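What you see below is based on every heavy atom in this structure, not just the backbone, and it leaves out hydrogens, waters and symmetry mates. Lettering follows sequence order; numbering is per chain, from 1. Since the structure is predicted, the reported quantities are computational estimates derived from the model, not experimental observations.
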Number of protein chains: 2
Amino acid sequence: MLSIGTLAKRTGTKVQTIRYYEQIGLMPEPGRTDGGQRRYGDVELDRLSFIRHSRQLGFSLQAIRELLDLSDSPERSCAQVDAVAQKQLREVEARIARLEALRVELQRMIRECHADRVANCRILEVLRDHEECLSDHDRLGG
Amino acid sequence: MLSIGTLAKRTGTKVQTIRYYEQIGLMPEPGRTDGGQRRYGDVELDRLSFIRHSRQLGFSLQAIRELLDLSDSPERSCAQVDAVAQKQLREVEARIARLEALRVELQRMIRECHADRVANCRILEVLRDHEECLSDHDRLGG
DNA sequence: TATACGATCTACAGCAACTATAGGTTCAAG
DNA sequence: CTTGAACCTATAGTTGCTGTAGATCGTATA
């Protein structure tokens with residue numbers, strides 16, 4: 001039986017995060033000692049490993065919940081799991097594309113500022129005035 | 001004089017977001033009508049445009065605060081502004097690199113699942129077991 | 001067996017950067 | 001002068017945790 005601290009170390013999670021996952025129903029309520037401390041087994045270790053690895057891959061907790069539900073269902077459908085993964089891949093690709101655009105514009109901004117070493121800083125002007133670089137009303141993904 | 005709604009439309013910002021910026025001191029407290037409604041001028045329009053464009057480029061509100069302070073200071077230093085932009089560029093590049101790694105792994109995961117069309121879904125196994133793909137204790141940047 | 005001390009407990013506040021809601025007031029067009 | 005959209009404040013919710021306070025537990029050592 002593992003204490004919460006040991007489970008945390010094994011999975012690279014913070015203790016509070018494990019308790020948080022329990023609170024939101026992502027991890028089950030574990031058994032307790034007489035004194036009230038949580039004790040975990042291998043099932044919980046597996047489940048938390050799954051959650052952490054999925055988080056590292058950028059899956060939202062909601063997506064992870066779906067994946068866990070699918071993996072718990074008796075005749076789990078590979079197609080459904082695949083759909084979740086595909087969706088995540090598309091999101092990652094969209095974020096990359098967005099960041100690439102940002103990178104290009106930042107580089108251009110910095111380059112222009114360097115060209116003009118003495119006078120007013122171009123960066124501030126660009127940040128103030130530039131309008132065509134990105135579509136309006138477009139938001140940054142978290 | 002612009003109402004908050006007009007200012008919002010002109011800058012592609014939500015009304016609540018403008019009030020939020022005022023609340024955290026990023027936007028100044030504007031003048032009011034007799035009835036208590038906010039009225040803005042061109043100075044505020046410029047400032048908010050600056051903030052929104054910087055946000056679109058991925059700058060944090062803290063970084064934007066620094067940029068605004070620099071732009072307000074009488075002998076503003078281009079080097080300091082440049083440093084903030086450079087830092088932002090490095091952060092963007094780091095996020096791109098991280099997402100590229102995620103993309104590669106997601107693609108591999110999905111490809112393996114497709115290769116094995118009938119049996120258990122590989123994606124779930126990979127999510128559960130894979131350990132070497134990303135360094136442990138590594139967190140996703142927001 | 002007593003003590004010390006780190007680990008754990010609950011409960012709650014806080015972070016970024018907004019977004020949404022409720023319930024009331026003001027402004028401007030017709 | 002009426003109507004209704006836009007505005008007001010205040011507060012709670014979002015996502016995914018992180019940090020704190022003050023109390024209790026568990027175990028290694030004297």
Side-chain angles (χ1 to χ4, degrees), chain A residues 1-27 29-40 44 48 50-68 88 91 95 98 137-142, chain B residues 1-27 29-40 44 48 50-68 88 91 95 98 137-142:
Chain A
M1 294 305 240
L2 308 171
S3 72
I4 196 170
T6 308
L7 184 66
K9 258 175 215 142
R10 292 263 191 98
T11 57
T13 314
K14 299 231 162 139
V15 166
Q16 296 104 305
T17 304
I18 298 174
R19 288 199 280 249
Y20 168 71
Y21 286 162
E22 181 183 327
Q23 193 186 313
I24 63 170
L26 209 55
M27 286 290 287
E29 290 187 18
R32 303 267 185 157
T33 62
D34 289 349
Q37 299 195 353
R38 292 169 179 80
R39 286 300 117 103
Y40 296 94
E44 286 89 356
L48 185 54
F50 181 95
I51 293 169
R52 292 311 295 175
H53 190 212
S54 301
R55 285 294 297 140
Q56 288 179 333
L57 283 173
F59 288 90
S60 68
L61 293 184
Q62 183 48 46
I64 293 169
R65 223 185 274 270
E66 286 171 36
L67 289 170
L68 284 167
Q88 177 60 20
E91 276 167 25
R95 284 170 72 183
R98 181 117 179 80
H137 312 276
D138 202 357
R139 313 225 166 282
L140 276 180
Chain B
M1 296 304 242
L2 308 171
S3 71
I4 196 170
T6 309
L7 184 66
K9 257 174 217 144
R10 292 264 191 97
T11 56
T13 314
K14 298 230 163 138
V15 165
Q16 296 104 304
T17 304
I18 298 175
R19 288 199 280 249
Y20 167 71
Y21 287 163
E22 181 184 327
Q23 194 185 311
I24 63 170
L26 209 57
M27 286 293 286
E29 290 187 18
R32 302 268 185 156
T33 63
D34 289 349
Q37 298 195 355
R38 293 169 178 80
R39 285 301 115 103
Y40 297 94
E44 287 89 356
L48 185 54
F50 181 95
I51 293 169
R52 291 313 294 175
H53 190 211
S54 301
R55 285 294 296 138
Q56 287 180 334
L57 284 172
F59 288 90
S60 69
L61 293 185
Q62 182 50 46
I64 293 169
R65 223 184 275 270
E66 286 171 37
L67 289 170
L68 284 167
Q88 178 60 21
E91 276 168 24
R95 285 170 71 183
R98 180 115 179 81
H137 313 279
D138 201 357
R139 313 225 166 282
L140 275 180

Toward the 5' end of DNA chain C, by each residue's nearest nucleotide, B:Gly36 or B:Leu61: B:Leu61
Side-chain N or O of A:Thr33 closer than 4.0 Å to phosphate OP1/OP2 of D:dC25: no
Backbone N/O of B:Leu2 and side chain of B:Thr6: donor-acceptor pair under 3.5 Å: no
Minimum-distance nucleotide (side-chain atoms of A:Arg32 versus D:dG16, C:dA28, C:dT10): C:dT10
Side chain of A:Gln37 (C-beta onward), nearest among D:dC7, C:dT8, D:dT18: C:dT8
Nearest to side-chain heavy atoms of B:Ser60, which nucleotide of C:dT26, D:dC17, C:dA17: C:dA17
Separation of C:dT10 C1' from A:Glu22 CD (nearest whole Å): 12 Å
Under 3.5 Å donor-acceptor, A:Ser54 side chain and A:Phe50 backbone: yes
Listed nucleotide nearest any side-chain atom of B:Arg38, set C:dT10, D:dC8, D:dC17: D:dC8
Proximity to the side chain of A:Ile4 - top-ranked nucleotide from C:dC27, C:dT8, D:dG16: C:dT8
Distance, rounded to the nearest Å, where A:Leu48 contributes CG and D:dG16 contributes C1': 14 Å
Length of the line joining B:Arg95:CZ and C:dA16:P, which is rounded to integer Å: 16 Å
B:Arg19 side chain to B:Gln23 backbone, donor-acceptor under 3.5 Å: no
B:Thr17 side chain near C:dA17 phosphate (N/O to OP1/OP2, under 4.0 Å): no
From D:dC17, C:dC18, C:dT8, nucleotide with atom closest to A:Arg52 side chain: D:dC17
Atom-pair distance (CD on B:Gln23; P on D:dT11), nearest Å: 11 Å
N or O in side chain of A:Tyr21 less than 4.0 angstrom from D:dC17 OP1/OP2: yes
Protein-nucleotide distance (A:Ile64, atom CD1; D:dG16, atom P), rounded to Å: 8 Å
Proximity to the side chain of B:Lys14 - top-ranked nucleotide from C:dT19, D:dC8, D:dC7: C:dT19
Separation of D:dG16 C1' from A:Ile51 CD1 (nearest whole Å): 13 Å
Short side-chain N/O contact to C:dC27 OP1/OP2 from B:Ser3, under 4.0 Å: no
Atom pair distance, as rounded to whole Å: CD1 in B:Ile18 and C1' in C:dC18: 13 Å
Closest-nucleotide ordering on DNA chain D, the 5'-leading residue of A:Tyr20 and B:Thr6: B:Thr6
Donor-acceptor under 3.5 Å (B:Glu29 side chain, B:Glu22 main chain): no
Exercise: do B:Arg10 and B:Tyr40 side chains pair donor with acceptor under 3.5 Å: no
Nearest heavy atoms of A:Leu57 and A:Gln88, plus distance in Å: O-NE2, 3.4 Å
Phosphate OP1/OP2 of C:dT8: any A:Arg39 side-chain N/O under 4.0 Å: no
Nucleotide D:dC17, atom P - distance to CG of A:Leu26 in whole Å: 9 Å
Touch class at under 4.0 angstrom, heavy-atom based, for B:Arg19 against every strand present: base
Nearest-neighbour nucleotide for the A:Gln16 side chain, C:dC9, D:dT20, D:dG16 considered: D:dT20
